[in-house]
Amino acid sequence: MVERARNGDGDAFNAIAVELSDRLFGVAHRILRDFDSASDALQVALLRMWRDLPGLRDPDLIEGWAYRVLINACKDELRSARRLRVEVRPMLMDAPATGDAANSFADRESLERAFKKLPADQRAVIVLQYFRQLTLAEIAVALGLPVGTVRSRAHYAKQAMRAALEADARTTTRMERSA
């Protein structure tokens, strides 16, 4: 199928795109944290894949190559989003949520803020490792990087998230004391 697509068969490429799209979209959404941006990145990635498919040396590595193309599209999307960023904050309700639901929501929000602070390269490694459940070696192949680089990015991403979560917790504690 990949060989046929490499030779310009649009139907073969369409079949490959359909097979990979759900997984690719999931990765893009987890990196970008926005459905519209993930959809845009996926479309850009599929166009780039079609254009660059003849240059793919090993057809067996198409999924890893597709992740690499997608992650580059996600980086481009993040760069353009930074230029156009408009921050909208939701209005707070009069009565705050209580119990475990409030804590769970606060934890998710803290994780989200910490994740958004990571560079796209680190986000990609975290998403592929924890959401796609790829090994570091598989991520290295998918991204075309040495395993040591992938290991380093994962380490620094976790370290940065941990620091951001701790800072967020300190800020929350200070705000609670002053209230």
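Heavy atoms only: backbone and side chains are in, while hydrogens, waters and symmetry mates are out.
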* Same cluster for Phe25 and Leu47 if Ile/Leu/Val/Met/Phe/Trp/Tyr side chains link at under 4.5 Å? -> no
* Side-chain heavy atoms under 4.5 angstrom apart, residues restricted to Ile, Leu, Val, Met, Phe, Trp, Tyr: same cluster for Phe115 and Leu78? -> yes
Would you name the heavy atoms of [X] and [Y] that are closest together and state the gap between them?
{"X": "Ile71", "Y": "Ala124", "value": "CD1-CB, 3.5 Å"}
{"X": "Met49", "Y": "Leu20", "value": "CE-CD1, 4.1 Å"}
{"X": "Leu32", "Y": "Cys74", "value": "CD2-O, 3.6 Å"}
{"X": "Ala5", "Y": "Trp50", "value": "O-CZ3, 4.0 Å"}
{"X": "Ile139", "Y": "Val125", "value": "CD1-O, 3.9 Å"}
{"X": "Ala140", "Y": "Val150", "value": "CA-CG2, 3.6 Å"}

* Go through His155 and Gln122 one step at a time and tell me if the side-chain contact (heavy atoms from CB on, under 4.5 Å) criterion holds. => CA-CA 9 Å; His155 169 77; Gln122 291 178 357; over 6 Å; no
[atom1]/[X] to [atom2]/[Y] distance, rounded to the nearest 0.5 angstrom?
{"X": "Asp40", "Y": "Ser80", "atom1": "CG", "atom2": "OG", "result": "8.5 Å"}
{"X": "Leu42", "Y": "Leu70", "atom1": "CG", "atom2": "CG", "result": "6.5 Å"}
{"X": "Arg6", "Y": "Ile62", "atom1": "CZ", "atom2": "CD1", "result": "9.0 Å"}
{"X": "Lys117", "Y": "Leu165", "atom1": "NZ", "atom2": "CG", "result": "9.0 Å"}
{"X": "Glu77", "Y": "Ser39", "atom1": "CD", "atom2": "OG", "result": "10.0 Å"}

For the residue pair [X] and [Y], establish whether any side-chain heavy-atom pair is separated by less than 4.5 Å.
{"X": "Tyr67", "Y": "Val127", "result": "no"}
{"X": "Trp65", "Y": "Asp58", "result": "no"}
{"X": "Leu145", "Y": "Arg153", "result": "yes"}
{"X": "Met1", "Y": "Asp9", "result": "no"}
{"X": "Val69", "Y": "Leu24", "result": "no"}
{"X": "Leu111", "Y": "Met161", "result": "yes"}
{"X": "Leu46", "Y": "Ser21", "result": "yes"}

* Crowding at CG, Asn7 (>12 non-hydrogen neighbours, <6.0 Å) -> yes
* Asked: Around Tyr156, counting heavy atoms of other residues, nucleotides and ligands shown, do more than 12 lie under 6.0 Å from its OH?
  -> no
* To do: Quick one: do Leu143 and Leu128 satisfy side-chain contact (heavy atoms from CB on, under 4.5 Å)? Show the steps, please.
  => CA-CA 10 Å; Leu143 299 179; Leu128 292 175; 4.1 Å; yes
Is a salt bridge present between [X] and [Y], judged by a nitrogen-to-oxygen distance below 4.0 Å?
{"X": "Lys116", "Y": "Asp34", "value": "no"}
{"X": "Lys75", "Y": "Asp121", "value": "yes"}
{"X": "Glu138", "Y": "Arg132", "value": "no"}

* To do: Check the pair Glu63 / Arg23 against side-chain contact (heavy atoms from CB on, under 4.5 Å), numbers first and verdict last.
  => CA-CA 10 Å; Glu63 188 166 354; Arg23 292 187 298 260; 3.1 Å; yes
* Going through the distances and angles, do Arg48 and Asp76 end up as a salt bridge (Lys or Arg N to Asp or Glu O under 4.0 Å)? -> CA-CA 13 Å; Arg48 289 177 184 170; Asp76 294 343; 2.6 Å; yes
* **Stepwise side-chain contact (heavy atoms from CB on, under 4.5 Å) test for Arg151 and Val147** => CA-CA 6 Å; Arg151 186 176 294 115; Val147 175; 3.6 Å; yes
* Output yes when a side-chain donor or acceptor of Arg68 lies under 3.5 Å from a complementary backbone atom of Val141, and no otherwise. => yes
